[in-house]
A.B. asks: 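Pasting in a structure now, in structure tokens, and then I'll have a few things to ask.
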Amino acid sequence: MELSGSHAERTPLAYIQLKSEPLTFEGPQTMEADLRAVIGSLGQLDGEPTVSRVDLCVDFTTSMDISAIPERNWVTRARLFDVYSVQRQFSGLTIGKGGDLSARLYNKLLEILSSDKAYMLDIWRDLGWNGVDQVWRLEFQFRRAVLRQLGIREFSSLLPRLGGLWQYATTEWLRLTCPTPSDKTQSRWPTHPLWEVLSAADWGTEQGCYRQHTPTNTPPSDKSLFINGLSGLTSFMAREGITDPYSGAPAFFRAAKAFHEGREYFTGLSFDDYIDLKVRLKARRYGTLHNLPEDEPHPADVAVAREYRRRSDGE
């Protein structure tokens with residue numbers, strides 16, 4: 001916390017950086033209310049608190065070798081790309097370091113060994129972590145300039161847009177791709193299945209943050225769906241020598257299921273989960289994905305609340 005001088009007129013009364021542990025257990029709204037009461041006792045508060053930096057992160061495990069990802073597979077607007085190691089063990093990478101928007105992908109379990117954030121271990125276990133697998137963290141840091149461009153200034157405008165911030169960072173600013181050797185245009189390379197899972201993280205809100213509205217956010221028309229959309233089915237039927245669409249469509253889905261379940265070692269997703277992921281990603285893009293019911297808490301919130309109660313009881 002930094003306080004302004006008593007005669008300062010153009011600077012905020014206080015600059016405050018919140019640490020991750022109280023944010024994790026208390027939540028940003030509770031922290032803001034508590035700080036408002038403290039700062040209000042030191043001087044007059046005018047207007048809402050503004051936001052100058054936001055860090056969003058997702059923790060995950062994967063059987064994929066993160067250290068083996070070539071730099072060229074990352075499609076990004078950033079110029080800087082830095083790789084780090086600890087005792088010759090790959091520990092992570094940073095993209096866009098020092099910029100108004102930057103990303104970090106690093107071994108969080110390795111980082112915990114040199115920090116006092118062991119509280120995360122119990123939270124991970126509550127969410128299904130086996131205590132053995134490496135846990136990676138994907139983290140984006142948004143600074144003031146980017147937040148303003150995305151329409152975020154006051155604290156009250158931040159929380160409804162967390163999902164939009166994450167979507168912007170993981171779809172427009174940075175993507176992990178599967179390169180297509182025959183296509184030199186990186187922007188057309190397909191998104192890696194791991195990145196599709198990470199970009200679909202649920203922040204409990206669907207309000208987007210975009211520099212501009214583009215046609216890609218508009219649901220496809222019936223003409224597009226029922227003419228272009230049938231291309232794959234008809235190509236499959238022609239290849240297999242099937243002319244009856246009512247037998248061709250079930251055969252197509254059986255073949256698609258067999259194909260994707262054969263790729264499970266690569267994607268980590270079953271056919272049903274793959275379809276569910278694709279539907280959610282596109283529904284999020286079109287703005288048709290509904291939030292969880294208000295009486296159904298998110299599993300992550302349940303785990304954090306359980307850990308907070310355990311710590312509060314002195315366990």
Side-chain angles (χ1 to χ4, degrees), residues 60 62-64 69 72-77 163-164 166-203 205-293:
F60 65 98
T62 178
S63 58
M64 180 179 172
I69 300 175
R72 68 188 295 265
N73 290 19
W74 296 98
V75 176
T76 178
R77 297 181 178 182
W166 187 259
Q167 184 180 12
Y168 174 79
T170 57
T171 58
E172 298 190 38
W173 189 82
L174 175 66
R175 279 193 311 126
L176 175 61
T177 65
C178 298
T180 303
S182 60
D183 191 346
K184 295 183 179 181
T185 304
Q186 287 183 308
S187 60
R188 289 198 295 259
W189 290 353
T191 302
H192 193 286
L194 172 64
W195 198 255
E196 290 184 330
V197 174
L198 294 174
S199 65
D202 183 4
W203 292 88
T205 177
E206 303 306 327
Q207 184 171 350
C209 298
Y210 306 102
R211 296 175 188 268
Q212 58 183 1
H213 183 80
T214 62
T216 57
N217 296 322
T218 303
S221 65
D222 286 351
K223 179 179 178 181
S224 175
L225 287 174
F226 303 132
I227 295 181
N228 300 336
L230 289 176
S231 175
L233 173 61
T234 53
S235 297
F236 170 80
M237 291 174 59
R239 189 190 74 176
E240 301 298 315
I242 303 173
T243 58
D244 178 15
Y246 296 100
S247 59
F252 177 82
F253 276 97
R254 287 195 298 271
K257 187 175 189 296
F259 172 79
H260 282 282
E261 290 186 346
R263 297 173 71 237
E264 190 168 348
Y265 71 93
F266 179 68
T267 65
L269 297 173
S270 67
F271 177 68
D272 291 342
D273 289 340
Y274 178 77
I275 293 295
D276 180 71
L277 172 64
K278 284 294 188 179
V279 171
R280 287 178 177 271
L281 284 172
K282 293 183 178 182
R284 183 185 297 272
R285 187 187 311 161
Y286 304 149
T288 57
L289 184 64
H290 299 292
N291 295 332
L292 289 170

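Numbering starts at 1 and runs along the sequence shown. Just so you know, these numbers come straight off a predicted model, no measurement behind them.
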A.B. asks: Do the side chain of Gln186 and the main chain of Thr76 share a donor and acceptor less than 3.5 angstrom apart?
C.D. replies: no
A.B. asks: For residues Thr180 and Pro190, report the shortest heavy-atom separation together with the two atoms involved.
C.D. replies: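 It is OG1-CD, 3.5 Å.
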A.B. asks: Before you tell me yes or no, could you show the steps for Phe60 and Leu194 under side chain to side chain contact (heavy atoms under 4.5 Å, CB included), namely the whole-Å CA-CA distance, both residues' side-chain angles and the distance that decides it to 0.1 Å?
C.D. replies: CA-CA 10 Å; Phe60 65 98; Leu194 172 64; 4.2 Å; yes
A.B. asks: Is a side-chain donor or acceptor of Trp203 paired with a backbone partner of Gly164 at a separation under 3.5 angstrom?
C.D. replies: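 Judged by distance alone, no pair lies under 3.5 Å.
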A.B. asks: Got a donor-acceptor contact below 3.5 angstrom from the Arg175 side chain to the Trp189 backbone?
C.D. replies: yes
A.B. asks: If every non-hydrogen atom of Glu172 is compared with every non-hydrogen atom of Arg77, which pair is closest and at what distance?
C.D. replies: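 Looks like O-NE, 3.4 Å.
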A.B. asks: To check you understand the geometry: which heavy-atom pair defines the closest contact between Ala251 and Ile242, and what is its length?
C.D. replies: CB-CD1, 4.1 Å
A.B. asks: Roughly how far, to the nearest 0.5 Å, is the CG atom of Leu198 from the CH2 atom of Trp166?
C.D. replies: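 Those atoms lie 7.0 Å apart.
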A.B. asks: Side-chain contact test, heavy atoms from C-beta onward, threshold under 4.5 Å: evaluate it for Trp195 versus Leu174 and give yes or no.
C.D. replies: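 Yes, their side chains come closer than 4.5 Å.
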A.B. asks: Atom CD1 in Ile227, atom OG1 in Thr234: separation rounded to 0.5 Å?
C.D. replies: 11.5 Å
A.B. asks: Taking Thr177 for the side chain and Asn73 for the main chain, is one N or O donor matched with an acceptor at less than 3.5 Å?
C.D. replies: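 Yes; at least one donor-acceptor contact below 3.5 Å.
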A.B. asks: If you measure from CE on Met237 to OG on Ser247, what distance do you get to the nearest 0.5 Å?
C.D. replies: 6.5 Å
A.B. asks: Looking only at heavy atoms, what is the nearest atom pair of Pro245 and Pro250, with distance?
C.D. replies: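 So the two residues come closest at O-CD, 4.3 Å.
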